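Just so we're on the same page: letters track the sequence lines, and every chain starts at 1. Not measured: the values here are computed from a predicted model.
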Amino acid sequence: MLDIKLVRDRADHVRERLATRGAGDETKIDEVLALDAELRTALSEVEGLKARRNAASKEIGALMGQKKLTEAEARKGEVREIGDRITALDRQRAELEARRDEILLQLPNLPHASVALGRTAEENPVIRTWGTPVQHPFKPKSHVELCEKLRLVDFARGAKLSGSGFLLYTGWGARLERALIQYMLDLHVREHGFTEVSPPYLVAEHCMVGVGQFPKFRDQAYAAREGLDDSSLGRLYLVPTAEAPVANIHREEILAADQLPVRYVAYSPCFRAEAGAAGVGTRGMIRVHQFDKVELIKIVKPEDGYAELEAMVGNAERILQSLGLHYRVINLCTGDMGFASAKTYDLELWAPGQGGWLEVSSCSNCEDFQARRMQLRYKDAEGHNRFPHILNGSGTALARLFVTLLETHQQEDGSVVIPEPLRAYLGTDRLVP
RNA sequence: GGAGAGGUGGCUGAGUGGUUUAAGGCGCACGCCUGGAAAGCGUGAGUGGGCUUAUACCCCACCGGGGGUUCGAAUCCCCCCCUCUCCGCCA
């Protein structure tokens with residue numbers, strides 16, 4: 001959520017930054033300002049009345065102590081009237097506040113000044129490229145064909161169980177998925193200084209609001225219900241990413257400065273309904289309703305936010321490099337960035353069988369946008385409570401990593417060579433049809 | 001799911017309608033004292049918001065959350081959440 005004080009004091013700046021996203025949100029600032037002004041007028045008035053009531057009630061107490069009951073009764077009538085005005089005015093105040101905050105909760109974060117201006121993904125600058133596309137001396141197969149030949153994923157039966165967009169991993173496929181998860185977790189814990197956590201896969205409403213998923217993207221979440229009780233529908237949501245629970249771990253806390261930086265790594269399955277999207281569409285594993293992901297979360301001092309973002313991208317790149325995969329780092333332009341983010345790097349893998357790039361990681365600094373929503377603060381050296389920066393990054397998403405791994409390391413005979421670091425985890429150096 | 005007991009400031013722990021605009025204790029910060037320290041004494045200290053040049057005053061709100069009763073609610077009433085104990089169910 002944007003800081004209302006920033007909106008008040010630097011409305012033009014806020015409008016200008018919002019406009020760079022190209023969604024027209026800057027037009028809502030006038031309404032926010034108007035509601036905010038009205039709100040503060042009502043607030044001053046109602047607080048003044050409350051001060052009067054508090055004083056008068058105290059006097060009544062004193063009068064009754066002195067047994068001046070007639071006088072006390074007279075004052076009661078007077079105070080009751082003040083009370084009625086407070087009730088009415090307070091209701092109005094609450095409504096104004098709700099309306100103001102409803103808009104504020106739907107406004108995206110302001111893009112950082114270093115982010116390239118642009119409207120679509122085509123305008124995302126490529127920051128760097130690592131490796132070169134693998135040159136197969138034969139026509140590379142797509143992952144769908146490889147998965148079927150190697151019996152790694154049973155697409156038909158996955159769909160039979162849960163519909164399109166759900167995968168049934170089988171045999172070495174299931175083992176490869178598990179090996180990748182464990183490999184990535186271990187690397188981030190052992191070499192990158194992250195603390196492993198294993199969060200709930202269902203979260204409460206306030207966690208979804210905290211990370212910026214709700215209220216705007218409510219239709220993309222799967223809602224769960226308890227038992228047969230219809231009224232409990234929507235009280236818990238399947239996590240769209242481990243970010244939802246993990247970033248909220250310290251919500252509503254005031255951390256000591258020496259607790260920062262906090263660095264967590266978590267595996268979770270990710271559930272995405274993507275309602276409104278043009279179906280799952282793509283054949284195979286590129287776009288699915290459930291996938292696995294190893295997620296990195298950092299909570300850091302604002303002055304460290306952007307250095308930590310660069311480091312996080314490096315942590316994710318390390319995974320791809322160690323698996324011998326060709327990738328590029330792009331910086332999302334203002335029009336392509338996610339709702340909560342101030343700056344985002346995407347990591348895209350080259351998939352020979354697809355002949356295209358696949359996003360496997362998105363690393364963002366959300367600055368204080370989420371911290372404000374979840375009331376997460378830390379006490380700085382001067383003893384002031386400040387909102388920390390919260391960063392999230394995939395390190396990395398599976399499914400697409402799985403796809404790229406197969407397509408990159410496939411051999412002419414249809415086998416797939418497993419990259420060296422993964423062999424101990426998987427228990428083989430090659431998958432053979 | 002059922003029964004019972006609880007949820008108060010950094011911690012502990014009083015408080016069942018009005019000098020509690022939360023006692024006392026511990027811990028904390030600063031000061032006095034001391035050669036230095038401890039003890040002792042004194043002062044201060046929570047969160048959010050409004051007003052404001054101001055992190056100065058002043059004001060409002062906050063005793064798990066939300067409603068209600070009342071001139072006045074930590075205290076009384078209702079709903080919900082969480083924790084603990086026991087039972088049931090269950091991996």
Exercise for the section: Applying ring pair (Phe, Tyr, Trp, His ring centres under 6.0 Å), run through A:Tyr201 and A:Phe271 and close with a yes or a no. Expected result: CA-CA 9 Å; A:Tyr201 301 151; A:Phe271 302 93; 7.5 Å; no
Counting the atoms with a prime plus P, OP1 and OP2 as sugar-phosphate, which does [X] contact under 4.0 Å by heavy atoms, base, sugar-phosphate, or nothing?
{"X": "A:Arg8", "result": "sugar-phosphate"}
{"X": "A:Arg377", "result": "sugar-phosphate"}
{"X": "A:Ala51", "result": "sugar-phosphate"}
{"X": "A:Arg40", "result": "sugar-phosphate"}
{"X": "A:Leu43", "result": "sugar-phosphate"}

Could you tell me how far [M] sits from [N] if I compare only their [atom1] atoms? Round to whole Å.
{"N": "B:C30", "M": "B:G46", "atom1": "P", "result": "16 Å"}
{"N": "B:G9", "M": "B:G66", "atom1": "P", "result": "15 Å"}
{"N": "B:A45", "M": "B:C28", "atom1": "C1'", "result": "8 Å"}
{"N": "B:G72", "M": "B:C87", "atom1": "P", "result": "47 Å"}
{"N": "B:A14", "M": "B:U83", "atom1": "P", "result": "23 Å"}
{"N": "B:G24", "M": "B:G42", "atom1": "P", "result": "12 Å"}
{"N": "B:C86", "M": "B:U8", "atom1": "C1'", "result": "27 Å"}
{"N": "B:U19", "M": "B:C60", "atom1": "P", "result": "15 Å"}

Residue-phosphate contact under 4.0 Å: [X] side-chain N/O, [N] OP1/OP2:
{"X": "A:Asn385", "N": "B:G48", "answer": "yes"}
{"X": "A:Asn54", "N": "B:G72", "answer": "no"}
{"X": "A:Arg80", "N": "B:U70", "answer": "no"}
{"X": "A:Lys379", "N": "B:U47", "answer": "yes"}

Practice task
Kindly say whether, by distance alone, the side chain of A:Glu47 makes a donor-acceptor pair under 3.5 Å with the base of B:G49?
Solution key: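 In this structure, the two groups form a donor-acceptor pair.
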Practice task
Pick out which of A:Lys149, A:Arg430, A:His409 makes a side-chain hydrogen bond (donor to acceptor under 3.5 Å, both in side chains) with A:Ser415.
Solution key: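 Only one of A:Lys149, A:Arg430, A:His409 forms a side-chain hydrogen bond (donor to acceptor under 3.5 Å, both in side chains) with A:Ser415, namely A:Arg430.
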Problem - Selection from B:C60, B:U47, B:G50 that lies nearest to any side-chain heavy atom of A:Ser44 - result: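 Of the options given, the side chain of A:Ser44 lies nearest B:G50.
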Exercise for the section: Consider the side chain of A:Arg91, meaning its heavy atoms from C-beta on, and name the nucleotide among B:G68, B:G18, B:A61 that approaches it most closely. Expected result: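 Nearest to the side-chain atoms of A:Arg91, counting from C-beta on, is B:G68.
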Handout entry: Side-chain ion pair, A:Glu407 and A:Arg400, N-O less than 4.0 Å
Key =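 No salt bridge links A:Glu407 with A:Arg400.
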